[in-house]
Asks: 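Here it is, the structure in full.
Everything numeric in this text was worked out from a predicted model, so none of it was measured.
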Amino acid sequence: MTGRACGPFDLVLLDVNGTLVPSLPGSRPDAEATRRFPVLVRRLTAEGVVVGLCSDSPAEQLWEYGRRLGLGLDAASGAAPGFPVVAENGNVAADGTGTIDVVTPFPDRSVVCGEVARAAAAHGLHRTGDVTAPEFGGTEPAAGEWAFGANRRASVSVFGPSPFVHEVRRRVPTAIARGRADLSVEFRPDHRYAVIHPYAPVERGKRIALARLAVRTPQRTLVVGNSPADWIPGVPGVRCAFVRDPAVTGEMREASWYASKKNDLKGVVDILENVLRHQVSPTANARV
């Protein structure tokens, strides 16, 4: 990186599911957008803008996925990841050196894990080793099995049959929250996966994290996403941009720094090109 960016942002954080990765299962990112994305990242890096990821997934999975996308290309092989991540819906943050910080702790995490295990026993399921989601190259548990998601530090993710996952949704808030609205359980559309966070609603996670990080390390940050979870109003120094998605309300689009008319990775490329257009250094006018 060449120092503080001369444009509007020092840091761009990209959401993954529904933003970099298509929302529809089985869909592939646009081929031209896939080619242009790492080129734009290199241009932004040369202009002093750091590009990282901001997602519900754990840090290790995000680092691996980001490297496949072309992030952190200047980092030494096998050394530091070279780009920051805000992971686990904002609960965990890590810089490009690999230093990990739990921003939003989950004090009852071990109790939650115990309730999940009891729900699995009630369904007669066998626990397998921790797994990663298919979008990160993982394999989900087979029939009759369940598993925790790997590498989580301040949240809990669970894979298994739909009836078991629904049982987790019923048991955990009752056992932990005791009537307080400080726990959320979110399903994946196929209901074979759930993630549990220490607050409700789940949309608060990234807002909490970025507000705390803005106090610790003030910088001009752009969050790029596709849903209300990526909407960060009222945090000094943080602006939002959105790819096209029906979950993005008119109010969010109107108040955003930029709202693309393109979806998924094509929208991300459009937004990054717009960031580059606002750079004021001489190289900003070079052809991408």
Side-chain angles (χ1 to χ4, degrees), residues 7-9 11-47 49-57 61-74 81-87 89 132-138 188-190 193 206 221-232 239-250 252-254 256-279 283-288:
F9 302 110
L11 172 65
V12 176
L13 293 173
L14 307 173
D15 177 50
V16 176
N17 290 315
T19 304
L20 290 170
V21 177
S23 300
L24 296 176
S27 299
R28 288 182 170 275
D30 178 78
E32 177 61 14
T34 300
R35 183 191 70 80
R36 289 187 61 75
F37 177 79
V39 177
L40 290 167
V41 170
R42 287 195 294 270
R43 285 300 316 279
L44 286 164
T45 301
E47 298 291 345
V49 181
V50 176
V51 181
L53 300 179
C54 183
S55 172
D56 182 63
S57 302
Q61 283 92 306
L62 292 178
W63 278 326
E64 182 179 351
Y65 179 70
R67 282 171 169 154
R68 295 206 305 265
L69 283 177
L71 300 181
L73 291 177
D74 295 331
F83 62 94
V85 296
V86 177
N89 202 46
T132 60
E135 57 264 37
F136 299 111
R188 192 172 60 189
D190 65 4
Y193 166 88
K206 292 180 183 179
T221 301
L222 180 68
V223 177
V224 179
N226 74 312
S227 75
D230 306 304
W231 176 227
I232 318 292
R239 299 296 305 276
C240 300
F242 294 101
V243 301
R244 181 171 61 84
D245 193 290
V248 179
T249 67
M252 291 160 55
R253 294 180 66 87
E254 286 295 322
S256 67
W257 182 78
Y258 182 71
S260 178
K261 295 181 180 179
K262 301 176 181 179
N263 62 348
D264 303 330
L265 187 58
K266 290 185 290 185
V268 173
V269 165
D270 181 29
I271 292 166
L272 296 185
E273 288 175 336
N274 201 47
V275 173
L276 273 171
R277 283 193 290 269
H278 284 77
Q279 295 298 114
T283 56
N285 295 321
R287 229 182 133 75
V288 177

Asks: Within the 4.5 Å heavy-atom criterion, are Asp230 and Cys240 side-chain neighbours or not?
Replies: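 Side chain of Asp230 against side chain of Cys240, heavy atoms only: no contact under 4.5 Å found.
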Asks: Between OG1 of Thr34 and CZ of Arg28, what distance do you get to the nearest 0.5 Å?
Replies: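 So the gap between those two atoms works out to 9.5 Å.
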Asks: To the nearest 0.5 Å, what is the distance between CG on Leu265 and CD on Glu32?
Replies: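 Atom-to-atom, Leu265:CG and Glu32:CD are 10.5 Å apart.
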Asks: Side-chain contact test, heavy atoms from C-beta onward, threshold under 4.5 Å: evaluate it for Val268 versus Leu14 and give yes or no.
Replies: yes
Asks: Check whether any side-chain heavy atom of Ile271 sits under 4.5 Å from a side-chain heavy atom of Ser260, and report yes or no.
Replies: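 Touching, per the 4.5 Å side-chain cut-off.
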Asks: Between Arg188 and Asp190, does at least one N-O distance fall below 4.0 Å, as a salt bridge requires?
Replies: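 Looking at Asp190 together with Arg188, the answer is yes, because their closest N to O distance falls below 4.0 Å.
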Asks: Suppose we screen for ring pair (Phe, Tyr, Trp, His ring centres under 6.0 Å). Which residues come up paired with Trp257, at least two apart in sequence or across chains?
Replies: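 Ring pair (Phe, Tyr, Trp, His ring centres under 6.0 Å) list for Trp257, sorted by chain: Phe9, His278.
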Asks: For Gly70 and Pro38, which heavy atoms make the closest approach, and how far apart are they?
Replies: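 In terms of heavy atoms, the two residues are closest at CA-CB, 4.3 Å.
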Asks: Counting C-beta onward and ignoring hydrogens, is there a side-chain heavy-atom pair between Asp264 and Thr19 closer than 4.5 Å?
Replies: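 Heavy-atom side-chain distance check fails, nothing below 4.5 Å.
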Asks: I'd like to check Val275 versus Tyr258 (side-chain heavy atoms, cut-off strictly below 4.5 Å). Are they in contact?
Replies: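 Not touching, per the 4.5 Å side-chain cut-off.
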Asks: How many angstroms lie between CG in Leu40 and CG in Leu272, if you round to the nearest 0.5 Å?
Replies: 5.5 Å
Asks: Which residue, Val224, Leu222, Val223, forms the side-chain contact (heavy atoms from CB on, under 4.5 Å) with Arg239?
Replies: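 Answer after filtering Val224, Leu222, Val223: Leu222.
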Asks: Got Phe83 and Arg67 here, is their nearest side-chain heavy-atom distance under 4.5 Å?
Replies: yes
Asks: Any idea which heavy atoms bring Ser57 and Ala87 closest together, and the distance?
Replies: O-CB, 3.2 Å
Asks: Going through the distances and angles, do Leu62 and Val16 end up as a side chain to side chain contact (heavy atoms under 4.5 Å, CB included)?
Replies: CA-CA 9 Å; Leu62 292 178; Val16 176; 3.8 Å; yes
Asks: Go through Leu53 and Leu13 one step at a time and tell me if the side chain to side chain contact (heavy atoms under 4.5 Å, CB included) criterion holds.
Replies: CA-CA 5 Å; Leu53 300 179; Leu13 293 173; over 6 Å; no
Asks: Taking side chain as C-beta onward, heavy atoms only, is Phe242 less than 4.5 Å from Asn226?
Replies: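 Answer no - side chains too far apart.
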Asks: Hey, does the side chain of Asp270 reach the backbone of Lys266 with a donor-acceptor pair shorter than 3.5 angstrom?
Replies: no
Asks: Measure across Pro84 and Val50 and return the closest heavy-atom pair with its distance rounded to 0.1 Å.
Replies: CD-CG1, 3.4 Å
Asks: Within the structure provided, determine whether Leu11 and Val49 are in side-chain contact (heavy-atom separation under 4.5 Å).
Replies: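 SC-SC contact between Leu11 and Val49 ruled out.
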Asks: Check the pair Leu20, Leu69 against side chain to side chain contact (heavy atoms under 4.5 Å, CB included), reporting the backbone distance first and the verdict last.
Replies: CA-CA 9 Å; Leu20 290 170; Leu69 283 177; 3.6 Å; yes
Asks: Do Asp30 and Lys262 sit within salt-bridge range, that is, some charged N less than 4.0 Å from a carboxylate O?
Replies: no
Asks: Between Glu273 and Arg36, does any side-chain N to carboxylate O distance fall below 4.0 Å?
Replies: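 Result for this pair is yes, salt bridge flagged.
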Asks: Once you round to the nearest 0.5 Å, how far does OG1 of Thr45 lie from CZ of Arg43?
Replies: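 Here the rounded value is 10.5 Å.
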Asks: Anything under 30° is parallel, anything over 60° is perpendicular, the rest tilted; go ahead and classify Tyr65 against Phe136.
Replies: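 Perpendicular.
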Asks: Side chain of Trp63, backbone of Val85: donor and acceptor closer than 3.5 Å?
Replies: no
